[in-house]
Amino acid sequence: MDNVWWFLIFFFLFLPAAFLFRSFILSVFLKFFNKNDTVIVSLRINSILWIFISFLYILVEILEFWILTVGLDPKVVDSLKVISNNFEKLLVFALIISIFIFVSAVIVQVIRYYVSKSDVPLPNVEIFYNLIRILIGLVGLITALWYLGVPMAPILTTLGVGGLAVSLALQGILSNFFSGMNILFSRVFSKGDYIKVDNQFEGIVEDITWFSTKLVMRNNNRIIIPNSKIVNSILINYKHPSPPMKILVPLSVSYFSDLEKTEKVTLEVAEYIQRNVEGANPDFKPVVRFSSFS
């Protein structure tokens, strides 16, 4: 009877106390992260999972204790203990995976913050952060499988053979993927650079993903270019070696125009733009050149 009372106390007090503690932890994290950050989203989801995993784990422990005190047949007790032990291992397996998922979100967000706020030579693109998430996730999966007692050598061998078969079937996708890796680590261009590909497509690099690079053109349209095409193309990076770039604006005037007045008015307009348009360099002196009769 005492065990039943303990169970009832646990049932009524654990979940409310756990959710109160969850609210406290969320309030602490909100002091360091924005409410829409992946860290907070991950914490909200995973913390609920942790509460119910803990609830079920403690519940199984109580049931094991209750089974031992009831006086059931020893064979039945042994069978129930095997089931409960396996169930507990699955709960811990899920707990390990969810913890590593949350840890990856925190690490990615911290790295993203320092890359954006400092001159750390790391690429500030999603493909880089996704690689970090995958590596941490693989460490978590291996840790969880190791806890379950799964031998890793046969799994790694199977993954190697399977990976070879998949690579042959997905040559195009893998070509874009490894081209993305090449772009990422060779740092030919970075997010925010203004580039021209094959003397045809040009714009500001918005992001470098697993399989393509997104450019925002001057007319505010977005163009998506496969990474393999970029790697195999002639590329101009207008931001390097220095960020400022000159823009050529072709103009036509009548044969009857006063060329001196044309040059004067054109320079006045160009200088006004340099002083007042956001992003222009006010110290740059525009020039006018007459090139041809046509």
Side-chain angles (χ1 to χ4, degrees), residues 7-64 83-117 120 122-150 152 155 159 173 177 180-181 184 191 206-212 214:
F7 171 73
L8 291 174
I9 293 171
F10 163 76
F11 183 80
F12 284 109
L13 294 182
F14 177 80
L15 289 180
F19 276 100
L20 282 173
F21 183 70
R22 172 180 178 267
S23 299
F24 170 74
I25 294 297
L26 279 171
S27 66
V28 172
F29 271 81
L30 283 170
K31 294 179 181 178
F32 302 98
F33 300 97
N34 188 283
K35 64 178 181 180
N36 295 322
D37 283 346
T38 53
V39 173
I40 301 300
V41 174
S42 179
L43 181 60
R44 284 197 179 105
I45 296 171
N46 285 298
S47 58
I48 293 175
L49 181 62
W50 298 337
I51 289 172
F52 282 103
I53 287 175
S54 303
F55 177 82
L56 291 174
Y57 189 91
I58 298 172
L59 183 60
V60 169
E61 290 290 328
I62 292 173
L63 289 175
E64 283 184 356
I83 294 172
S84 65
N85 288 336
N86 291 334
F87 186 68
E88 285 177 352
K89 285 185 176 181
L90 289 175
L91 290 176
V92 175
F93 176 86
L95 181 64
I96 292 172
I97 295 294
S98 65
I99 288 174
F100 272 89
I101 290 173
F102 173 68
V103 168
S104 71
V106 173
I107 291 175
V108 165
Q109 197 65 24
V110 171
I111 294 175
R112 192 194 300 271
Y113 174 80
Y114 280 105
V115 168
S116 63
K117 297 292 183 181
V120 178
L122 292 174
N124 189 21
V125 291
E126 280 306 311
I127 186 173
F128 172 66
Y129 299 121
N130 287 334
L131 279 174
I132 295 174
R133 291 187 186 99
I134 289 174
L135 289 174
I136 296 174
L138 285 175
V139 173
L141 180 61
I142 292 172
T143 304
L145 290 174
W146 173 80
Y147 173 78
L148 290 180
V150 177
M152 299 307 301
I155 293 178
L159 288 175
I173 294 176
F177 171 74
M181 294 295 100
L184 181 65
K191 184 177 178 180
E206 183 182 41
D207 198 8
I208 304 168
T209 66
W210 291 107
F211 308 114
S212 61
K214 299 176 183 178

Looking at every non-hydrogen atom in both residues, tell me the closest pair between [X] and [Y] and how far apart they are.
{"X": "Y57", "Y": "L91", "value": "N-CD1, 3.6 Å"}
{"X": "L141", "Y": "I97", "value": "CA-CD1, 3.7 Å"}
{"X": "S98", "Y": "N46", "value": "CB-OD1, 3.3 Å"}

Go through the steps to decide whether V110 and V106 satisfy the test side chain to side chain contact (heavy atoms under 4.5 Å, CB included), and finish with yes or no. CA-CA 6 Å; V110 171; V106 173; 4.3 Å; yes
Within a strict 4.5 Å, meaning less than it, do heavy atoms of the I96 and F100 side chains meet? yes
With side chains defined as the heavy atoms from C-beta onward, is the minimum distance between N86 and L90 less than 4.5 Å? no
Do other residues, nucleotides or ligands put more than 12 heavy atoms under 6.0 Å from the CZ atom of F21? no
Fit a plane to each ring of F52 and F55, take the angle between them on a 0 to 90° scale, and name the class: parallel (under 30°), tilted (30 to 60°) or perpendicular (over 60°). perpendicular
So how far is it from [X] [atom1] to [Y] [atom2], rounded to the nearest 0.5 Å?
{"X": "L49", "Y": "F102", "atom1": "CG", "atom2": "CZ", "result": "13.0 Å"}
{"X": "I48", "Y": "L43", "atom1": "CD1", "atom2": "CG", "result": "9.5 Å"}
{"X": "F93", "Y": "W146", "atom1": "CZ", "atom2": "CH2", "result": "14.0 Å"}

Taking I101's backbone N and O only, do any of them form a donor-acceptor pair with S104's side chain (distance below 3.5 Å, no angle check)? yes
Residue list, side chain to side chain donor-acceptor pair (under 3.5 Å) with R22, at least two apart or on another chain: S47
Could you go through R44 and L26, starting from their C-alpha distance and side-chain angles, then the distance that decides it, and tell me whether this counts as side chain to side chain contact (heavy atoms under 4.5 Å, CB included)? CA-CA 8 Å; R44 284 197 179 105; L26 279 171; 3.8 Å; yes
Run F33 and T38 through side chain to side chain contact (heavy atoms under 4.5 Å, CB included) and show every step you take. CA-CA 9 Å; F33 300 97; T38 53; over 6 Å; no
